[in-house]
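Let me begin by presenting the structure, written as structure tokens, before commenting on it.
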Amino acid sequence: MKFAKIICATLLLIFAAALSGCGSSSTGEVRTVAICFPNTTSSWQRNGDSLQKLLEDEGFKIDMQFSATVAEQQQQVKDAIAKNPNCIVIGAIDSEAFVDVLQDASKKNIPVIAFDRILLNTDAVSYYASFDNGAIGDGMGEYIEAALNLKSGAGPYNMELFAGAPTDKNAHIFFANTMKILEPYFRNGQLVCRSGQNTFEQVAVADWNSENARPRIKDLLNRFYTSETLNVVLSPNDDIAGVILDEMEKAGKSYPVISGLDGDPAAFERIRQGKQTFTISKDPDVLTAKCVRMIKAVVEGTQPDINDVTNYNNGVKIVPAYLCTPMIIDKTNVNSLAAK
Ligand code: BGC
């Protein structure tokens, strides 16, 4: 037994030594990965930190940029291309904003990987690393359906809806999949949207900026819920759930059944306190490990893990993807897991 452990340890060392050279070419030149992420929510910082650490451990040099606006991010991607990195990883603020910018990457044969959000209408993108966005939308709908006992005919419950940024394809997928599950209950009256605001365009939060959700939840509470109870809220992520709950608290309302996404530390805390019902956690280390496999594939010609070759037609090509499995966190398991 002891012997087996020693062999394993030796093999691990050999394996680690083999891996440590991955960031260098055969001539010893250090390979550079440019990472262009939004800084619009805390989850991006966590993903950036995780990706940077994994790549540095493998010997890559990192050129990391965060940006708040589409124009700034376009400029950062342009600047990154000008420096001829071996690969560019983009978490796009606007999925459609890189069609022109990435033409130069194609011309220079610099491979591009889409991180978390797909890049649309460009053939410059080699792979897509994300979570299963369809499953996230389904998960939100199914959790709410079960929590309210809708299948058994319970209700009516008052529900208001929020969605993510119109510029992000993910936001559309989350909302469409959730609504596919909940729409029958709106039609038969088990769920009631008192504001009548139920289309994606009406409920989207610009830039995923949670402060952009504040005026709307205030307005909804003032106009439709002074005497009525708001029982359920669809929130597209944890940041936005935090603002909605904050305004409901200020208005003296009881906590609704409310969704979230990302598994932010603040959401874990709200779940423990009984304020937020659940979140769907997207473990950064799980996603970044898959992304690193893709980076190595494009710079070294190795095989990345791919588990989806049908769902992400970006308008020009089907982008081969690895979609990680998200995890639902609520009061039943929040204490057995650490937020990341
Ligand atoms: C991601 C979410 C994130 C949101 C805001 C979406 O594209 O999929 O996990 O909460 O962007 O950054």
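Order of listing sets the numbers, starting from 1, for every ligand and every atom in it.
Distance from atom 8 (O) of ligand 1 to its nearest protein heavy atom, with residue and atom name: K282 NZ, 2.7 Å. From the protein, the heavy atom lying nearest to atom 9 (O) of ligand 1 is D262 OD1, 2.5 Å. Regarding atom 1 (C) of ligand 1, its nearest protein heavy-atom neighbour is D116 OD2, 3.1 Å.
Close approach of ligand 1 to D168 (heavy-atom distance below 4.0 Å) involves ligand atoms 6 (C), 7 (O), 11 (O). Counting atoms of ligand 1 from 1 in the listed order, those under 4.0 Å from a heavy atom of L261 are 2 (C), 9 (O). Which parts of ligand 1 touch T41 is read off a 4.0 Å heavy-atom cut-off, strictly below it: atoms 5 (C), 12 (O). With ligand atoms numbered from 1 in the order given, ligand 1 contributes 12 (O) to contacts under 4.0 Å with heavy atoms of W44.
At least one N or O atom of R117 sits closer than 3.5 Å to an N or O atom of ligand 1.
In this model, a donor atom of one side chain and an acceptor atom of the other lie less than 3.5 Å apart for T332 and D330. E96 and T167 are not linked by any side-chain donor-acceptor pair at a separation below 3.5 angstrom, with hydrogens and angles left out of the test.
Considering only heavy atoms from C-beta on, L148 comes within 4.5 Å of L191 through its side chain.
Between D262 and R46 there is no salt bridge, since no side-chain N of the basic residue sits under 4.0 Å from a carboxylate O of the acidic one.
Remark: K108 NZ is packed, more than 12 non-hydrogen atoms of other residues, nucleotides or ligands lying under 6.0 Å away. Around NZ of K53, the count of heavy atoms belonging to other residues, nucleotides or ligands within 6.0 Å does not exceed 12.
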| request: In sequence, state the C-alpha distance, the side-chain angles, and the governing distance for Q197 and R216, and then conclude on side chain to side chain donor-acceptor pair (under 3.5 Å). | output: CA-CA 11 Å; Q197 297 168 13; R216 184 162 168 261; 2.8 Å; yes
| task | Show your reasoning for whether side chain to side chain donor-acceptor pair (under 3.5 Å) applies to N311 and D308. | result | CA-CA 7 Å; N311 278 309; D308 183 282; 2.7 Å; yes
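Legend: residues meeting ring-ring contact (aromatic ring centres under 6.0 Å, His included) with Y128, ordered by chain and number and at least two apart, are Y312.
No part of D239 comes within 4.0 Å of ligand 1, judged by heavy-atom distances. The proximity of F174 to ligand 1, defined as any non-hydrogen pair under 4.0 Å, is limited to the side chain. By the criterion of a heavy-atom distance under 4.0 Å, neither the backbone nor the side chain of D238 is placed next to ligand 1.
Distances from atom 5 (C) of ligand 1 to the heavy atoms of F115, W208, F37 put W208 nearest.
By the 4.0 Å heavy-atom criterion, F131 is excluded from the residues contacting ligand 1.
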